[in-house]
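Every number for a ligand or one of its atoms is a count from 1 in the order of the listing.
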Amino acid sequence: MPDSFDLIVIGSGPGGYVCAIRAAQLGMTVACVEKRDTLGGTCLNVGCIPSKALLHSSEKFHEAGHGLAAHGVVISGVTLDLTKMQARKAEVVGANTKGVEFLFKKNKITWLRGAGRILGAGRVDVGGIEYAAKHIVIATGSDSSPLPGVEVDEKRIVTSTGALELDAVPGHLVVIGGGVIGLELGSVWKRLGAEVTVVEFLDRLIPGNDGEVAKQFERILTRQGMKFRLSTKVTSAKIEGDGVSLTVESLKKGTTETIAADIVLLAVGRRPHTEGLGLAEAGVVLDARGRVITDANFATNVAGIHAIGDVIAGPMLAHKAEEEGVALAEILAGQHGHVNYNAIPGVIYTWPEVASVGQTEEQLKESGIAYNIGKFPFTANGRARALGMTDGFVKILADKASDRVLGCHIIGPEAGTLIAEVAMAIEFGASSEDIGRICHAHPTLNEVVKEAALAVEDRALHI
Ligand code: FAD
Ligand code: NAD
């Protein structure tokens, strides 16, 4: 095995492995250091992929039990085989991580197995062996944020990793944090039969997302049976017998009470993973939140050391990490890699889905940008009616003066797929009129995006 490379990437998540592949395509000799037994990082092993596998399986279970009678499909005796569901999830994960291994072989990328530690510019230690590289990329991702008074054991008090591995449906699951992980994994276990209570510090769910979408989301999830304790702080969680006793404080009333749970899921955000990397010794500077500070070219303050993905600033999303991986590899190869941070979609894979791209109304107001709104509900769409999926709406925000699309927020069926059209519109600098004048196939859910675009100028056709 060679001990010198053009590029050593530390971490094989979507940021790291994609950077490694693009660099290899551009002719560099590349190694990727990964300490897990499998490639693919958080995303493939304990994040996006296993959670989406369980979301899909649990949706099927729920539909079989509750959603088919309205279509005249009558089935009885629906039962859950959780062992099988979990085994399927493991197979999906295995196929994906093996897929990355295959891509490494195909692109002649060397997997250095073990934990990487930076010894200085151009030098990386893996398991006591020193490797040299012209460029080093830190792509070490993130871990769950801890919460004082709540000690995770991954059995009774779990992070997302433990919540993906439960071998029985909890009677009562209490989720700390009404963000993306809490609501996705809360949905999984709710559909499989758990009572789910979400305790959220703020007075709303999914902070950072459009406020109107968040309100509608809360109403729909409440209708599905999820319980919410907003403006509520968890001060401690103690394992007692087979369960957990949580002490919570209402921030509005100032009262304290205890809640009994079978399982507690701690999902209050994630923090950059930089432990044991030797960053202090190498002189790489972090910000106050522990993220590696980078410039517009992903360079740290130490020449030859770059960083991408969850470990740097920006949304902690797999596709954001991938875009950065590609852009950085191109920059290192002397090209002009670039990421448009304004056109990165975000999707919550609940039912219905929530998706957004660009700016929210709240952000536009704060920056004093004048805008028009076009909104269209799924209830007025023929395909949504045929599917029996009429919850939600598409909302498009366009610049008042130029009509350029500034943001889009969707709650509804296939929101995560529908948002791609608007991400492209933003990337191309399109106006709402451009979207409104594109011929959209009928009958499709995409027509709701077109109608919302038409609604910006008050000329939606089907409402
Ligand atoms: P990571 O994927 O975290 O990979 C970093 C890798 O570096 C890890 O494998 C780690 O073992 C390795 N590593 C760390 N330190 C070292 C070291 N010193 N030496 C060697 N290896 C090291 N995002 C989405 O866009 N869509 C989703 O649907 C989605 N769902 C998610 C669901 C869950 C439950 C979670 C937890 C996250 C989800 N995310 C999702 C977020 C997504 O997983 C992350 O944004 C993404 O994985 C970040 O990629 P990354 O390459 O920066 O780091
Ligand atoms: P998050 O930031 O989405 O949500 C955390 C929530 O916890 C927030 O609503 C916050 O107000 C709340 N909170 C913080 N401290 C609290 C406290 N003490 N008590 C009660 N509530 C508290 O974080 P997450 O859900 O843990 O997800 C972490 C990251 O993973 C996110 O950045 C997300 O981008 C990524 N992720 C993405 C997807 C997706 O794209 N579908 C899925 C899962 C995770």
A.B. asks: Which residue and atom name correspond to the protein heavy atom nearest atom 13 (N) of ligand 1, and how close is it?
C.D. replies: K35 CE, 3.9 Å
A.B. asks: Heavy-atom distances under 4.0 Å decide this one: backbone, side chain, both or neither, for I181 against ligand 1?
C.D. replies: side chain
A.B. asks: Parallel, tilted or perpendicular: which fits the ring planes of Y131 and F5, with parallel below 30° and perpendicular above 60°?
C.D. replies: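 Tilted, since the angle between the ring planes falls between 30° and 60°.
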A.B. asks: How close does the nearest protein non-hydrogen atom get to atom 2 (O) of ligand 1, and which residue and atom is it?
C.D. replies: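 The closest one turns out to be T42 N, 3.0 Å.
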A.B. asks: Enumerate the atoms of ligand 1 whose separation from the nearest heavy atom of P14 is less than 4.0 angstrom.
C.D. replies: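 Counting from 1, the qualifying ligand atoms are 2 (O), 46 (C), 47 (O), 49 (O), 51 (O).
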A.B. asks: For Y349, counting its heavy atoms only, list the atoms of ligand 1 lying under 4.0 Å from any of them.
C.D. replies: 28 (O)
A.B. asks: Kindly confirm or rule out an N or O of M316 lying under 3.5 angstrom from an N or O of ligand 2.
C.D. replies: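 Yes, at least one N or O pair falls under 3.5 Å.
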A.B. asks: Flag E200 as yes when one of its N or O atoms lies below 3.5 Å from any N or O atom of ligand 2, and as no otherwise.
C.D. replies: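 Min N/O separation from ligand 2 is below 3.5 Å for E200.
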A.B. asks: In this structure, which one of D143, D310, T140 forms a side-chain hydrogen bond (donor to acceptor under 3.5 Å, both in side chains) with H273?
C.D. replies: D143
A.B. asks: Could you tell me, atom by atom, which parts of ligand 1 come under 4.0 Å of a heavy atom of H273?
C.D. replies: 14 (C), 15 (N)
A.B. asks: Could you tell me whether K395 and E212 make a salt bridge, using a distance below 4.0 angstrom between a side-chain N and a carboxylate O?
C.D. replies: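 E212 and K395: salt-bridged.
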A.B. asks: If the contact criterion is a heavy-atom separation under 4.0 Å, does A267 count as touching ligand 2?
C.D. replies: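 True for this residue.
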A.B. asks: Starting from atom 19 (N) of ligand 1, find the nearest protein heavy-atom neighbour and note its residue, name and distance.
C.D. replies: G116 N, 2.8 Å
A.B. asks: Do T360 and N209 have a side chain donor and acceptor closer than 3.5 Å?
C.D. replies: no
A.B. asks: Check each atom of ligand 1 against the heavy atoms of A115 and keep those under 4.0 Å away; list them by number with element.
C.D. replies: 19 (N), 20 (C)
A.B. asks: Do any nitrogen or oxygen atoms of I348 lie less than 3.5 angstrom from nitrogen or oxygen atoms of ligand 2?
C.D. replies: no
A.B. asks: Just to confirm my output: which protein heavy-atom neighbour is closest to atom 31 (C) of ligand 1, and how far is it?
C.D. replies: C48 N, 3.4 Å
A.B. asks: Suppose we measure from atom 53 (O) of ligand 1 to each protein heavy atom; which comes out shortest, and what is that distance?
C.D. replies: G141 CA, 3.1 Å
A.B. asks: When you look for heavy atoms under 4.0 Å from ligand 1, do you find them on the side chain of S144, its backbone, both, or neither?
C.D. replies: neither
A.B. asks: To the nearest 0.1 Å, how far is atom 7 (O) of ligand 2 from its closest protein heavy atom, and which atom is that?
C.D. replies: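 Looking at atom 7 (O) of ligand 2, the protein heavy atom closest to it is G177 CA, 3.3 Å.
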A.B. asks: With heavy-atom distances below 4.0 Å as the criterion, list the atoms of ligand 1 near R270.
C.D. replies: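 Per the distance check, 36 (C).
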A.B. asks: Going by the atom numbers of ligand 1, which of them fall below 4.0 Å from some non-hydrogen atom of L277?
C.D. replies: 18 (N)
A.B. asks: Which ligand 1 atoms does V46 reach within 4.0 Å, using its non-hydrogen atoms?
C.D. replies: 34 (C)
A.B. asks: Which atoms of ligand 1 are found less than 4.0 Å from any heavy atom of G15?
C.D. replies: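 Those qualifying, in numeric order: 51 (O).
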A.B. asks: Going by heavy-atom distance to atom 52 (O) of ligand 1, choose the closest among D310, L112, I312.
C.D. replies: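 That would be D310.
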A.B. asks: So which protein heavy atom does atom 41 (C) of ligand 1 come closest to, and at what separation?
C.D. replies: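 Its nearest protein heavy-atom neighbour is M316 O, 3.6 Å.
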A.B. asks: Can you confirm, on distance only, whether ligand 2 has an N/O atom lying under 3.5 Å from any N/O atom belonging to I181?
C.D. replies: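 Yes; the residue has a nitrogen or oxygen that sits under 3.5 Å from a nitrogen or oxygen of the ligand.
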A.B. asks: How close does the nearest protein non-hydrogen atom get to atom 11 (O) of ligand 1, and which residue and atom is it?
C.D. replies: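 Protein heavy atom with the smallest distance to atom 11 (O) of ligand 1: E34 OE2, 2.7 Å.
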A.B. asks: May I ask you to check if ligand 2 and I176 share an N or O to N or O distance below 3.5 Å?
C.D. replies: no
A.B. asks: Provide the closest heavy-atom pair for L173 versus P170 in the form atom of the first, atom of the second, distance.
C.D. replies: CB-CG, 4.1 Å
A.B. asks: Looking only at distances, please establish whether an N/O atom of ligand 2 is found under 3.5 Å from an N/O atom of V347.
C.D. replies: yes
A.B. asks: For atom 7 (O) of ligand 1, what's the nearest protein heavy atom and its distance?
C.D. replies: G11 CA, 3.2 Å
A.B. asks: What I want to know is whether E184 and ligand 2 share at least one N or O pair that is separated by under 3.5 angstrom.
C.D. replies: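 Yes.
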A.B. asks: Is the shortest N/O to N/O distance between G269 and ligand 2 below 3.5 Å?
C.D. replies: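 Yes; the residue has a nitrogen or oxygen that sits under 3.5 Å from a nitrogen or oxygen of the ligand.
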